[in-house]
Each structure stands twice: as C-alpha cells, then as structure tokens.
Amino acid sequence: MFDGSRIFRMSEGYNPQEIEPRWQKRWDEMGIYQVDADDPRPKSYVLCMYPYPSGAAHQGHVRNYTFGDLNVRYRTMRGEAVLSPIGFDSFGLPAENAAIRTGIHPRIFTDARIVELRESLLRLGAVYDLRRETRSHDPEYIKWSQFIFTKLLEAGLAYRANAPVNWCPGCQTVLANEQVLSDGTCERSGDLVIRRNLEQWFFKITDYADELLDELDGLDWPERVKTMQRNWIGRSVGAEIDLYIDGRSDLAPITVFTTRPDTAFGVTYAVVAPEYPRLFEIVPESHRADVLNFCDEVQSRSDIERQSTEMSKGKRGIATGAHVINPFNGESVPLYVADYVLATYGTGAVMGVPGEDQRDHDFADVYGLPTVHTTERPAGYDPRLAYDGPGRKINSGFLDGLSVSEAKQGAIDFLSEKRSGRAKVQFRLRDWLVSRQRYWGCPIPVIYCDGCGIVPVPLDQLPVLAPDDVEFLPTGESPLARNRGFVEVPCPRCGGTGRRETDTMDTFVDSSWYFLRFTDPFSDDAPFDPAVAAQWMPVDQYIGGIEHAILHLMYARFFTKALSDLGLAPSDMREPFKRLFTQGMIRLGGSKMSKSKGNLIAPAGYFNGVGADSLRLFHLFVGPPGDDFDWSDQTDEMIDGCHRFLARVWRLATGQAESFPGVSSEASRSATEEQDLELLRSTHRTIERTTNGYDRWAYNTSVAALMEFSNTIYRVLATGVSQRALDEAIDTLLLLLAPMAPHISAELWERRRGGVIHLEPWPVANSDFLIDATAVLVVQVNGKLRDRIDVDASISEDEAIAIASSSEKVVSFLDGRPIRKTIARPPKLVNFVV
RNA sequence: GCCCGGGUGGUGGAAUGGUAGACACGGAGGCCUCAAAAGCCUCUGCUCGAAAGGGCAUGCGGGUUCGAGUCCCGCCCCGGGUACCA
C-alpha cells in the first residue's frame, strides 16, 4: 500500500520510465538552469528552504520541491534568469546520534544521505544550478561560517555569558529558548528540559529587535507568519520605575517594568522573581531562612509545575519582610517573592496593582493585600475582577481625570522629573544562544588563554575543523572536549598555553546565510562578494514549511542585517526574503509526515510506477498549496487519475486520440469556422485561467483548467476541427503544462515541434478570443433562479429584460403580480422583484 | 485565556456579491471485447414526484442587499500558534 508499485498499463507509448531519466540527463547536460551574474535577462531568485539531508525524499519534500521547480521553470519561460540553487543543511544531531549508536562517522552517514536526497530531487525532475551546491559541513563552508562568527565577535554581536540555559537530558545539549516547547519539553526529543547555569555564546539579535519588527510590514509574507514573528519579538511600551527599599537608602532600588505606569497609584505591593540576583541583601535577617527555603523549593520544581496555574489556585509567594517606597505617593508597600514573576523577562521584578491586573488581583486575594482602583470602571463591571480597560483616572493624585494614555505620559514625565524612572520599551525577544555541546556542528573558532582571555582564531587559520579520530560515546560530553589534540593549542596572541573552545554552533547559524553563499559560491576571499550578492538578492520567492515561521526566518533576517552592517553584504540589503510561501504539511495518520515520526511514504515507488510527472501533478492538483493534506486510502487513486490525465495528453499530442472509437479523422479535418472559433476561445481562456492560477499560487485551479481544456479538445475532435486550430490548442496545452509536468511536456514538444519547450516563451492570451459570442442569461424572480436562456453576448439591458420577461417559466412564477423592480446585468442576469 | 486559520456532496476541492458543487477521486450504467484490462461515452448534492416540475441545501442564529458560500453581528465545532512577558 502507498508505494505506487501497482502495475500501470502504459497507454500506447506514454512511458515515464523511459522519458523521465532521459530528460533529467538532458537538462543537466544542457545547463539551461545554470545562470551567471552577467546574464542579460531580468534576474530572479527562487529558493526552497535548506533541506536537512535525512535520506531519500518523502512526500513533504516532493510537494515542496515541486512548488519550487514549477516556479523556476515558469519564471524561466517568462524570460527571467532564474537562480535556482540547492544545498544541504548537513550538520545536526541525527548524524551524531547515529554515530553513537552505530559507530559510523557522522560525515560518512551524512554524505550518504545527501546522495540519496539529491538523487530523489533530481528524479523528481527538479532543476538546479548544481555548480552552486553547498553543504554546511564542507570545510569551505565551515571556514566562512567561522569567519562570520569572528566578525560578529569583533563587532560585539557575539558574546559569552553565564546564563541559565535550557538543558535537554535526551539530546545532551543546550537548547535555544525557541527549541523548548510551551510544556517545557524539548522540541526534538520530547524530554523534559531542565535549567542549568553555563558559560555560553550568544548572538545579540536583540540589537535588531526594532528593525526586525518594523520591517515585517514591507514583506510579502503570509500575514500569520508576520504575526507570529511580531508576537515573538513582543515589543511592549511602558516605563521602568525605581522602588527604593524602605529604610535602606544604602541599597540600589528595585526597578520594575510596567506597561501601565498610569496605575502607579494603585500599587499595594511589589514582587521579585525567586531568582532575583540581589534578593538576599534586601531581605532582612529575620526572614532570610524562610525566603531561602521558598526559593529553593520553587527552583527545584520543574518548569511544568511552575507554569501550571491550574494546579495551585493561588499564586505561590512569600513576604520578604522588606518594604519599598512608591515614588508617586511616598507610600511604603510590602515586597514579596513569588513564582509568577519571570526572572527572564524585564527586570525580574514587578509592581503589584490588584485593581487593574488580574494576576496581581489573584495574588492579592490569597495574601490579603488591599486593592486600590485607579481607573473608573464601566457600570456593572464585576467588582471581583481586575479592570484593564479605558476610563478616567481616579485615586491617582495629579493624574486624576486623565485618560489612560494621557496618564501614562503624565506618569512617565513625573518619573523622569523625579529621576525615579524612565520610559522604556521592553522586548520579549532574547539573545540567540548559539553554543551546542556537540561534535557534528561548526566549531566555534575561539581559543581561551589564561593571559589573553578570549582570542578568536586568526582568519588565516580558518577553518577550525573537528578531528576525525574521536570516540562517540553516550556520555553527553562532546567528543571534542575529550580530544586533547584538539583542545590543547598555543594561544595565537601570546603563544602561551591555550585551550580551544569545544562547543559548536547551533545549526541555525548555517542556515542563516546559505542563501547568500548561493549567490557567489566560489568566492574564496570572502563568504560572498557583496556586489554579486546584490545582483541576485533578495530571494524573490522563498518556499518552505510553516514550522520555520519563527526560528529560521528570524535568524536569517538577523544575519542579513548584521552582515550588511558589518560590510560583508551590501548596505541596503536589509531583508533576505521578499516573498515567502509556506506550504501546507502532509499528514499521515493524524501527524506530520517526517522521518523522525517514522510515517513516511517514499516517492520511489511512484517514480517507478506512474512516474514523477504524475506525482508532481497530484501534489499540485490535490488542493491549495498552503493547505494541509491528509494522505489517505484514496490518495493512490487520485494519483492514478493524474496519470490518466497525462496519458490523455500523450494521446492527444501524438495523434492517437483521433483514431479512437467514435472519432474519425475525417470529421476532425472537415471543420467549420464556428467550430474552430470555439476551440480557439477555449485555448485562450485556458491560457488566461492557467496563468492566473500560477500567479496566485492556485495551482490546483491551473491543473483543473488544463483538464477541462483537454476534455474540450477531445470533444471537438469528435465534432470536427481544423488541423491548425487543433495544433495550436495542443501546443498551448503542452506549454501551459511544462512547469508542472516537465518530462512529458518536453518529450511531446520535441516530437511535435523540435526544440526545448522550457526555453519557449510563455503563451499570451489573445483578448480577441476571450470574448464569448453567446452567454447564458439567468433569469431570477425574487432572487431565485427560474430560467436560463441562451442569448447573444452583446444584448442590451432592454433586450435582456424583454427576453427574460417573455420566458414562459418566468411568467408562471410572476403569477400575475406586478413587477416592483427589475435588476438587469446583461448578458448574464435579470432579476424581477415582485 | 489570547492571536491566527478553517467548517461547501460519499472524498479532495471550485466559485471578482450574480447559474453553488468547476476539476478530479469513488460509485452506477453503456460502448468496445469471446472475455477482461485499458480506452471512450453518459449519469451521479439531498429530497418529493411516474414524469413535467418543485422544495431543501455551503457549521448554527440573526442582519445588510433585488440577490450572500462570499459582507456585518452573535454563537458552536475543528486545526495551528502562544501562554503568568507585567
């Protein structure tokens, strides 16, 4: 089941097994998809997301690369020089885990899988400029990844910090925040992620938070992807307020962040996170033991327990015994520690406003803290709830009577004047943790020296390559750390004893600049020549899965901006991907089809059975490209249907259809002008419909248009048509089909016309043939369909009404009632209102 | 909870506010054949009716409109994202 291996009876000569490999070879030899920067045609860049080489392609790949290839071929036929590169995101955990399991070196494992995947893509008929292929684990690529790291380090955009990190016991490595799911588990292994403090490398993506947010507006991306990025960046406008500790003028204040400085008069307490750094100098002696206990207890809980608000009704916290002064009214309010405050967001401390914040309200309820309302509430508002809507300020001193937004500004002005606070924009986005304690990744090119500190490996010594003679053991320690030959090196600066960094980079680093390398893959004095990159960038059409909506796309945008600022890319290159399309995923048995889930359907059987063209066509036809698709028992039958359609095209284009029963070639030749005109109209309407589908990513409707068109050609064959009109129709059909089903189109075109179809110009609809001579006039009474009448397409409004009102059916439905109103839209519709 | 998507025949899905269900899968029948396969042709939303012809239908309830799958309001259900972000 589901392998396409059933025997298909090849209809008279359509033999995909024979033509597909031949054309794949010819495309490669002809090199028509190899492009260079000096190409005179308008340039465009079509790219599918950098694939992880997981072995032979699965249906998700097939769908993705079919969309990509269709775009490449379509744009080429429209006269563009299309850059269509391919490469492999070849570093990553699966290869290393396999090495631990089997002892096979990750490079050997990975190279074998690259061969398989490349083979699958070529067998699909996808065309690339293969000269440009990159692989993340190539020494050349490693060299330039490390070069970029070094440049980021010099610019202060890479830094080392001790930080609480997400440690996955299953993967035995640190994860980025983005790789931890909301339930506290690892997105890859599903293990519960724990917190650890480690020295790690970070990239300062937060420097670009504003730009990353603002420039989303100009991108032609799916709105939901932009929304996800906006939420991820999480820009919050508000203020920081300094709360001095009552009676301890010797201590620095606790600074809280709030988006509602206008509610400051409603503060009845303050809270810090259990991890708050200066907590113990603030807590008075009398409370220390209790607070310490509480903090220990909280931190021993897993993130899951901590986050489950359902389990514990109240907020879990403890009074510190200290008090802080509210600068607005001079009041002293108690300071708590509570686990509902996140150490990792803002300042790790917040002010408690039970009247206007539901979380504070809940906490105040449990701990018996008072509530002060500072916003006038609408009548009938539930007094048990916090109110965060608009209204006049009350109980707020000098802010009374102002609106919320006026009061925010007033409060900020007050804080600035008193020097006890400031306007502040806070982001949810945090810096990108790039260290990974793994072997199979790009080594971080740094040496630690007791005297000189952190010393980057000099550029002329790059790449730093991981040694091959390592042991892969399931200890969780990187094999690099155990390899003395790798670790022990002299300091490049002072020559003293140095120790090499053994962490490697997150593989998202590799995929953050590969699209730039593709523009200039042979550059050996820079990652790429900015001038050459400028000719191809930005990517005109980027295609990939929605799963990369946040991580990959955000990191790639950050890299593009950073490289631009570093002078490695053109200064005006701020965004890498002009237009993005996110394809739907293919599910089998309810979950996404993927190697890690083990629910793959290999395309190989279909390649060997119905052929790649039929499988491509199926993926295009099955539904809107952005929608998910459930692979089911019926899917093979639909694929058969696509094969049947191609076989019908084959018979049409090879003249076999005319000799079929019911069709005499005599009839086909003795055509009237009227019959020819009908076919011509159909031909040009199909050009329009199909092209329209291509342009708005509605390939399913393009396929449907071509199916209808071939049905029409079959029909006119039976009734009579001239050879000229027939040839035009069939040639057009092949041209329109060429980006979708490239092999059969190429083969038939060569047989009929000679030459290479994919070098032909895209057909243009002649508007003379888009006008129909007749139309169907729909007649309604009170909006209900009552009759349909064939009319001349050029009839006037009065004629249409006259024809409509003379319809017997209409008359019977009017039932003698007077017509109150008549709506006429000639020649398509007349509606009588009675 | 919040933010996005989406609910149309037995199935996948079409429909610039103007014939709902294009196209295809599945199903039924016919032609061809000794027979089958393949191919070709016809029918196929539900329902009442012998037929002619009606009625009902795009998750539910309202509304706007001559006319709503499409626009507006209020719900329900499904999928995804996010989740104490102050």
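Only this structure's heavy atoms are used, side chains among them; waters, hydrogens and symmetry mates stay out. Convention: sequence-line order gives letters A, B, ...; per-chain numbering from 1.
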From the options [options], select the nucleotide whose nearest atom is closest to the side chain of [X].
X: A/R696; options: B/C23, B/A15, B/A83; result: B/A15
X: A/V341; options: B/A86, B/G26, B/G55; result: B/A86
X: A/T259; options: B/C23, B/G18, B/A86; result: B/A86
X: A/F621; options: B/A86, B/C3, B/G12; result: B/G12
X: A/D339; options: B/G12, B/C84, B/A14; result: B/C84
X: A/N711; options: B/C25, B/C23, B/G18; result: B/C23
X: A/N831; options: B/A14, B/C25, B/G18; result: B/G18

Check the phosphate of [N] against [X], side-chain N and O only, distance under 4.0 Å to OP1 or OP2. Yes or no?
X: A/K821; N: B/C66; result: yes
X: A/R715; N: B/C40; result: no
X: A/N700; N: B/A24; result: no
X: A/Y340; N: B/A86; result: no
X: A/R825; N: B/U19; result: no
X: A/R651; N: B/C40; result: yes
X: A/R689; N: B/A14; result: no
X: A/S236; N: B/A86; result: yes

Open item on the list: For a quick check of understanding: with a heavy-atom distance under 4.0 Å over all strands, which category does A/D627 fall into, base, sugar-phosphate or nothing?
Closed with: nothing
- [ ] Quick one: label A/G346 by what it contacts on the DNA or RNA (base, sugar-phosphate, nothing), any heavy atom closer than 4.0 Å.
- [x] nothing
Taking a pair as Watson-Crick or G-U wobble with both distances under 3.5 Å, which nucleotide is matched to [N]?
N: B/U65; value: none
N: B/A37; value: none
N: B/U16; value: none
N: B/C32; value: none
N: B/A52; value: none
N: B/G9; value: none
N: B/U82; value: B/G1
N: B/G74; value: B/C60

For [X] and [N], give me the distance from atom [atom1] to atom [atom2], rounded to whole Å.
X: A/N231; N: B/C4; atom1: CG; atom2: P; value: 9 Å
X: A/L829; N: B/G18; atom1: CG; atom2: C1'; value: 5 Å
X: A/I233; N: B/U82; atom1: CD1; atom2: C1'; value: 15 Å
X: A/I550; N: B/G81; atom1: CD1; atom2: P; value: 9 Å
X: A/K784; N: B/G53; atom1: NZ; atom2: P; value: 17 Å
X: A/L342; N: B/U82; atom1: CG; atom2: P; value: 16 Å
X: A/E547; N: B/G79; atom1: CD; atom2: C1'; value: 16 Å
X: A/F363; N: B/A86; atom1: CZ; atom2: C1'; value: 14 Å

Open item on the list: Quick check against the 3.5 Å criterion: does A/D431 have a side-chain atom that pairs as donor or acceptor with the backbone of A/I205?
Closed with: yes
Task: Whether A/T690 side chain and A/L736 backbone form a donor-acceptor pair below 3.5 Å - done: no
TODO: Classify the angle between the aromatic ring planes of A/Y699 and A/W697 as parallel (below 30°), tilted (30 to 60°) or perpendicular (above 60°).
DONE: tilted
- [ ] Could you label the plane-to-plane angle of the A/H619 and A/W631 rings as parallel, tilted or perpendicular, counting under 30° as parallel and over 60° as perpendicular?
- [x] tilted
Open item on the list: As a test of the definition: with a 90° window around 0 for syn, would you call B/G9 syn or anti?
Closed with: syn
TODO: State whether A/D217 and A/K226 are salt-bridged, where the test is any N-O pair (Lys NZ or Arg NE/NH1/NH2 against Asp/Glu carboxylate O) under 4.0 Å.
DONE: no
Open item on the list: A side-chain contact here means heavy atoms from C-beta on lying under 4.5 Å apart; do A/D628 and A/R587 qualify?
Closed with: yes
- [ ] Between A/F427 and A/R788, name the one whose nearest nucleotide on RNA chain B is closer to the 5' end.
- [x] A/R788
Open item on the list: Both A/G783 and A/V776 contact RNA chain B. Which one's nearest nucleotide lies toward the 5' end?
Closed with: A/V776
TODO: Taking atom C1' in both B/C43 and B/C34, compute the distance separating them and give it to the nearest angstrom.
DONE: 29 Å
- [ ] Between B/G67 and B/A57, how far apart are the P atoms? Round to whole Å, please.
- [x] 16 Å
Open item on the list: I want to know whether A/Y14 and A/H643 have ring centres closer than 6.0 Å.
Closed with: yes
- [ ] Kindly state each residue pair satisfying side-chain hydrogen bond (donor to acceptor under 3.5 Å, both in side chains) with at least one member in residues 256-268 of chain A, sequence neighbours excluded.
- [x] A/R260-A/D262, A/D262-A/K393
Open item on the list: Quiz question: going by heavy-atom distance under 3.5 Å, is there a donor-acceptor pair between the base of B/G5 and the side chain of A/R224?
Closed with: no
